[in-house]
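Okay, so here's the structure we're looking at.
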2 protein chains.
Amino acid sequence: MAVTIRDVAGASGVHVSTVSRTFSAPHLVNAATRTRVLAAADELGYRPSRVARALTTGRTHNLGLIVADIANPFFPPLIKAAQAGARSRDYHLFVADTDENPQVEEELIQTFAKQVDGVVLCSPRLSNKAIGRLREDVPFVVVNRRIEGVAAVLMDVGQGARQAVEHLRELGHRRVAVLTGPAGSWTGAEMCAATAAAPGLDLTYLGPNAPTENGGRSAADAVLAAGATGVLAYNDLVAMGLMDELAARGVRVPGDVSVIGVDDIVTGRHTRPRLTTIAMPTAAAGRTAVDLLLREQAGTITLATTLVVRESTAPPPPHTPSAATDPAS
Amino acid sequence: MAVTIRDVAGASGVHVSTVSRTFSAPHLVNAATRTRVLAAADELGYRPSRVARALTTGRTHNLGLIVADIANPFFPPLIKAAQAGARSRDYHLFVADTDENPQVEEELIQTFAKQVDGVVLCSPRLSNKAIGRLREDVPFVVVNRRIEGVAAVLMDVGQGARQAVEHLRELGHRRVAVLTGPAGSWTGAEMCAATAAAPGLDLTYLGPNAPTENGGRSAADAVLAAGATGVLAYNDLVAMGLMDELAARGVRVPGDVSVIGVDDIVTGRHTRPRLTTIAMPTAAAGRTAVDLLLREQAGTITLATTLVVRESTAPPPPHTPSAATDPAS
DNA sequence: ATGAAAGCGCTAACAT
DNA sequence: ATGTTAGCGCTTTCAT
């Protein structure tokens with residue numbers, strides 16, 4: 001087997017507890033002996049066993065991160081930041097993927113429970129009640145969900161949505177459609193609530209839509225039927241699907257209709273036209289979630305979102321029905 | 001604290017070792033007692049401590065996965081598949097990110113060593129020698145690198161590159177440029193070796209290039225100067241950067257020059273024109289690497305790659321210099 | 001400042 | 001088939 005604390009004790013002529021102390025409470029050991037122990041440890045290539053340490057202390061120095069789908073471009077920046085945050089404090093990060101399955105989510109939390117000091121749960125599919133129950137097994141931080149008594153990191157989509165819709169208004173749009181997401185989505189609800197009272201605009205809410213490109217494609221009919229010249233889509237994927245379908249029908253973006261997405265996933269930066277979108281602070285969210293977890297402080301942190309204007313938004317065409325009611329054109 | 005094996009023993013009137021056996025070697029315990037123990041365990045909400053188990057058995061049931069950059073679109077499908085493979089065998093997966101830093105890579109391996117049963121090392125930046133040394137601390141599987149005596153999963157870029165170049169030839173191209181990657185890249189070397197002997201083609205190797213969009217952009221001059229009508233880029237990012245720069249100069253893709261990437265990252269599916277590329281079997285690689293690790297069998301597995309023809313390749317323009325020397329046009 | 005001893009939760013011989 | 005016992009590598013009182 002590997003070299004243990006006992007080998008180091010033998011080599012440096014002290015008791016194991018002294019070796020233990022040199023690593024976990026260096027200030028409690030005489031500088032001279034400390035040097036001697038460290039030298040012996042280095043010589044033998046000793047590294048404390050995190051497993052054994054975990055067994056005695058009850059703290060594993062591991063964290064868990066659970067997302068719906070690792071390959072969904074929304075998550076990797078969050079995962080990366082969470083990992084970096086964990087590592088900078090000498091924590092290791094388990095990453096797992098539920099494949100959008102609430103049952104897998106629950107199992108994962110339970111098996112993680114014994115092996116981590118906390119878990120970051122992103123956009124959970126589990127019910128609030130189930131999460132409340134699981135909270136007794138392991139500390140949580142939830143991302144993009146509000147649950148009574150559970151620490152949370154929220155991304156302020158509402159604010160971004162307001163900005164987006166205002167951007168459309170400034171461009172001269174009057175009739176704008178909001179493509180809502182799947183029923184029960186927290187971010188979807190936020191978007192609706194935030195835009196409902198937008199001044200000077202004629203809003204229509206179209207949905208629910210699947211949060212995918214196909215969801216966006218299927219929404220094209222409704223968008224056209226609504227006579228909207230501006231669209232705020234549930235997310236970038238939906239926006240991209242919509243743009244695709246619109247292009248297929250000869251409707252120009254942004255010439256005929258302007259499209260705004262949400263998330264700022266990397267793929268949206270390469271579409272033609274490049275997608276205007278509400279950037280979600282995913283990296284900050286990952287970092288913050290880990291922060292919160294390690295401070296063991298409850299509370300909710302809300303992160304700002306930013307409208308990134310690229311090429312998929314422009315003034316509406318001069319002769320649209322909605323523009324006709326507007327003498328300004 | 002949580003409920004332990006001892007609580008279950010008490011509740012079901014058997015000795016702890018019997019409880020232990022019902023979980024780790026059920027066939028060694030009487031069906032009746034097993035049921036009783038299981039009932040008690042369930043009642044109390046007992047879950048074996050993986051940490052304690054690891055300490056006695058020496059096997060943690062954890063795996064580590066180390067990549068250069070989690071947010072690089074090349075990796076998430078690999079991570080996802082590795083995670084799924086691990087989980088299906090009741091292993092948990094640590095994921096870490098080296099930020100392209102070999103030193104971080106080494107530290108990560110060392111801290112993982114005590115806490116995992118093996119690590120998957122993707123496209124390592126560490127020297128072969130360093131990796132060989134580290135191999136004594138923990139079992140490895142390396143992805144996309146060939147190291148004496150280390151189990152490896154390789155993606156056969158050479159084969160894909162041959163296909164790509166043949167595709168260009170069939171289209172009628174004669175003068176093609178290969179954009180090599182950073183010096184020392186295994187995949188880059190494979191691409192060169194595989195294409196060098198391509199029949200009926202006039203190959204130029206341009207590089208080294210940074211494996212990024214900027215790398216592709218900077219290569220535009222050389223490509224044009226070489227008079228190439230077809231380009232095989234080191235990866236999709238390079239291909240995308242090149243297409244961008246070409247477009248900025250009024251050179252049409254694929255009208256004037258055809259471009260082929262490598263990797264099939266998700267962003268390449270949304271460019272205009274959509275990128276023709278050599279698809280790397282990243283998901284299969286992740287799954288296979290975990291397989292190999294858990295079987296503890298050395299050996300090298302080579303995975304096939306596939307040319308995905310989309311819109312960035314077409315016949316060369318009729319009047320290019322290279323076509324002029326070819327009476328066939 | 002250091003040593004001695006107990007124990008974290010579990011498994012694995014060995015006994016019965 | 002089940003109980004007994006001795007650790008796994010470390011931390012943590014409690015002594016000294």
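Every chain is numbered from 1 and lettered A, B, ... according to where its sequence line falls, protein lines coming before strand lines.
- Looking at residues two or more places apart in sequence or on another chain, you find a side chain to side chain donor-acceptor pair (under 3.5 Å) between A:Arg295 and A:Asp291.
- If you measure from atom CZ of B:Arg53 to atom P of D:dG9, you get 18 Å, rounded to the nearest angstrom.
- For the pair A:Arg59 CZ and D:dT12 C1', the computed distance is 16 Å after rounding to whole Å.
- B:Phe94 is linked by a ring pair (Phe, Tyr, Trp, His ring centres under 6.0 Å) to A:His92, A:Phe94, B:Phe112, counting only residues two or more places apart in sequence or in another chain.
- B:Thr57 comes within contact range of the sugar-phosphate backbone alone, with a heavy-atom separation under 4.0 Å but no base atom that close.
- If you measure from atom CG of B:Leu55 to atom C1' of C:dA12, you get 13 Å, rounded to the nearest angstrom.
- The distance between atom NE2 of B:His61 and atom P of C:dT11, rounded to the nearest whole Å, is 11 Å.
- A heavy-atom distance below 4.5 Å is found between the side chains of A:Val119 and A:Ile66.
- Legend: residues meeting salt bridge (charged side-chain N to carboxylate O under 4.0 Å, His left out) with B:Arg87, ordered by chain and number and at least two apart, are A:Glu107.
- Residue A:Ser24 has a polar side-chain atom (N or O) positioned under 4.0 Å from OP1 or OP2 of D:dT11.
- Remark on the helix from C:dA1-D:dT16 to C:dT16-D:dA1: inter-end axis angle 30°, axes from five-pair C1' superpositions, rounded to 10°.
- As a whole-Å value, the separation of B:Tyr46 OH from C:dG9 C1' is 7 Å.
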Would you tabulate the nitrogen or oxygen pairs shorter than 3.5 Å linking the protein to nucleotides 1-4 of chain C?
| from | atom 1 | to | atom 2 | distance (Å) |
| --- | --- | --- | --- | --- |
| C:dT2 | OP1 | A:Thr33 | OG1 | 2.9 |
| C:dT2 | OP2 | A:Asn30 | N | 2.9 |
| C:dT2 | OP2 | A:Thr33 | OG1 | 3.0 |
| C:dG3 | OP2 | A:His15 | N | 2.7 |
| C:dG3 | OP2 | A:Thr18 | OG1 | 2.7 |
| C:dG3 | N7 | A:Arg21 | NH2 | 2.9 |
| C:dG3 | O6 | A:Arg21 | NH1 | 3.4 |
| C:dA4 | OP2 | A:His15 | NE2 | 3.4 |
| C:dA4 | N6 | A:Ser17 | OG | 3.4 |

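- The stretch residues 16-35 of chain A participates, sequence neighbours left out, in these ring pair (Phe, Tyr, Trp, His ring centres under 6.0 Å) pairs: A:Phe23-A:Tyr46.
- The nearest whole Å value for the distance from the CD1 atom in A:Ile5 to the C1' atom in D:dG9 is 7 Å.
- Listed by chain and number, the residues in a side chain to side chain donor-acceptor pair (under 3.5 Å) with B:Asp99 are A:Lys80 (sequence neighbours excluded).
- If you check every strand for non-hydrogen atoms under 4.0 Å, B:Phe23 touches nothing.
- Remark: the B:Asn128 side chain and the B:Arg145 side chain contain an N/O donor-acceptor pair separated by less than 3.5 Å.
- B:Phe74 is linked by a ring pair (Phe, Tyr, Trp, His ring centres under 6.0 Å) to nothing, counting only residues two or more places apart in sequence or in another chain.
- A:Asp42 meets the salt bridge (charged side-chain N to carboxylate O under 4.0 Å, His left out) test with no other residue; sequence neighbours excluded.
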